[in-house]
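All chains are named by letter (A, B, ...) in the order of the sequence lines, taking the proteins before the strands, and each is independently numbered beginning at 1.
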Amino acid sequence: MDRSLFEIVEEPIQVDKIIEKVSRRDAGAITTFLGTVREWTMGRKTIYLEYQAYKPMAEKMLVQIGKEIQEKWPDTVVAINHRVGQLDISEVAVAIAVSSPHRKAAYDANEYAIERIKQIVPIWKKEHWEDGETWIGDQLEQTAYPKGEPFLKEE
Amino acid sequence: MDRSLFEIVEEPIQVDKIIEKVSRRDAGAITTFLGTVREWTMGRKTIYLEYQAYKPMAEKMLVQIGKEIQEKWPDTVVAINHRVGQLDISEVAVAIAVSSPHRKAAYDANEYAIERIKQIVPIWKKEHWEDGETWIGDQLEQTAYPKGEPFLKEE
Amino acid sequence: MITILLFAQLQETLGKERVVIEESGITVAELKEKLKTSYNLPQLDHIMTAINEEYALPTDIVSEGDVVALIPPVSGG
Amino acid sequence: MITILLFAQLQETLGKERVVIEESGITVAELKEKLKTSYNLPQLDHIMTAINEEYALPTDIVSEGDVVALIPPVSGG
């Protein structure tokens with residue numbers, strides 16, 4: 001598994017570049033997911049976000065997600081970049097690209113990747129609201145790891 | 001519905017541009033799908049593809065798909081470009097971008113769009129194989145419109 | 001007068017993009033029958049039609065000035 | 001000697017990115033208890049840990065030289 005496919009970055013993410021990483025002659029489908037900074041969450045206005053990562057472990061976990069995907073969808077190639085630092089509205093926090101000979105696997109593997117990122121990758125988000133700031137526990141505002149230990153694979 | 005979101009084009013598709021079209025401050029997720037020219041299909045080698053469209057009707061059908069998506073997933077914004085003419089291996093034939101406040105709708109609406117394109121948009125593909133050429137009836141090599149009239153919505 | 005648009009393999013088989021026929025007030029099914037015999041196109045059974053850029057049913061009426069497209073199974077994407 | 005890495009709200013609460021403590025051969029659970037009392041951090045119950053960049057169980061042993069990360073609920077994406 002090529003580690004450069006899985007990176008925590010500080011600069012703005014370029015979608016073209018990550019698509020290039022998974023592009024290949026035997027792909028008929030490439031899906032991408034971009035997680036972007038949304039202005040409004042449940043009626044509350046965000047001014048900007050701040051992402052912090054435990055970088056070496058976060059990259060390890062991204063590589064692990066890549067391995068899990070390789071096992072489940074052997075024909076796919078996946079690349080993931082997650083950005084850290086201060087992000088303005090509409091900027092891209094995470095980009096996932098998956099190429100596959102056929103489209104179903106490209107969609108499924110992509111969705112799997114973002115679910116797993118939200119479970120196991122040590123990255124934290126601080127919301128800077130119009131009226132204050134909060135570290136977000138998780139994006140569903142649930143308690144920690146409701147599905148058990150985060151390193152266990154779901155089936 | 002802004003018609004410029006739905007275009008049949010002759011030039012190479014630029015993914016950035018189509019993502020820009022759906023990007024907005026209340027989106028937290030943007031999915032894209034790229035249908036690319038695959039070199040091998042069931043052991044047969046493609047040299048290049050040729051796409052032909054009934055252009056005015058094809059654009060109308062893309063607009064219709066946009067409307068269907070608007071009904072099913074009201075918070076999404078979708079843009080679709082389909083290219084015609086001669087395409088080489090790895091080139092992008094179709095690009096679909098969907099933005100949404102939350103990711104589930106962005107994935108689902110995107111997958112819906114490609115399914116519908118394959119059902120109702122009057123575009124045809126001619127495979128130029130290493131050993132001959134064929135107009136492809138449909139990509140699953142099924143008979144015409146197995147699900148009935150192509151203009152009926154599926155539920 | 002009805003204009004018939006041809007695409008993909010039909011366009012290649014007939015060697016042209018369109019044909020014009022002197023008809024009107026017939027159904028799509030009847031039109032297809034006429035085309036089958038006039039142009040020797042046996043495979044029209046599996047081919048959809050559109051009248052003026054909207055998909056049509058076999059029972060729809062084709063009128064003077066209409067543009068009818070013969071639409072082989074599509075393969076976009 | 002064990003290095004403890006702090007992130008997010010824990011980093012802000014303690015005002016530092018890491019603390020070093022003179023311990024070894026204790027479990028993750030025991031380590032968390034010590035940190036709770038030494039640093040007055042009641043919310044450690046919902047916090048995962050990693051030893052040397054791998055998620056750890058409460059019963060895992062922390063050894064001399066290990067780097068232990070306290071991992072609040074993640075919110076990437």
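Under a cut-off of 6.0 angstrom, the local environment of CZ in B:Arg44 is crowded, with over 12 non-hydrogen atoms contributed by other residues, nucleotides or ligands. Within a 6.0 Å radius of NZ in C:Lys36, other residues, nucleotides and ligands contribute more than 12 heavy atoms. Within 6.0 Å of the NZ atom in C:Lys32, the count of heavy atoms belonging to other residues, nucleotides or ligands exceeds 12.
Atom CD1 in C:Ile71 sits 11.0 Å away from atom CD1 in B:Ile123 (nearest 0.5 Å). For the atom pair C:Glu54 CD and B:Lys60 NZ, the distance stands at 4.5 Å (nearest 0.5 Å). For the atom pair CG of B:Leu49 and OG of C:Ser75, the computed distance is 9.0 Å after rounding to the nearest 0.5 Å. Rounding to the nearest 0.5 Å gives a distance of 5.0 Å between OH of B:Tyr54 and CG of C:Leu5. Taking CD of C:Glu12 as the start and CD of B:Glu133 as the end, the distance is 6.5 Å to the nearest 0.5 Å. Taken to the nearest 0.5 Å, the CE atom of B:Met61 stands 6.5 Å off from the OH atom of C:Tyr55.
A pairwise comparison of heavy atoms in C:Val74 and B:Ile120 identifies CG2-N, 4.4 Å as the closest pair. Nearest heavy-atom pair, C:Ala50 versus B:Met57, reported as atom, atom and distance to 0.1 Å: CB-SD, 3.5 Å. Taking both residues in full, the closest heavy atoms of B:Ala93 and C:Gly77 are given as CB-C, 4.3 Å, listed atom of the first, atom of the second, then distance.
In this structure a side-chain-to-backbone donor-acceptor pair under 3.5 Å is missing from B:His82 to C:Gly76.
Using a 4.5 Å cut-off between heavy atoms, B:Ala53 touches chain C through its backbone atoms (N, CA, C, O) alone.
Side-chain polar atoms of B:Trp124 and C:Gln9 form no donor-acceptor pair below 3.5 angstrom.
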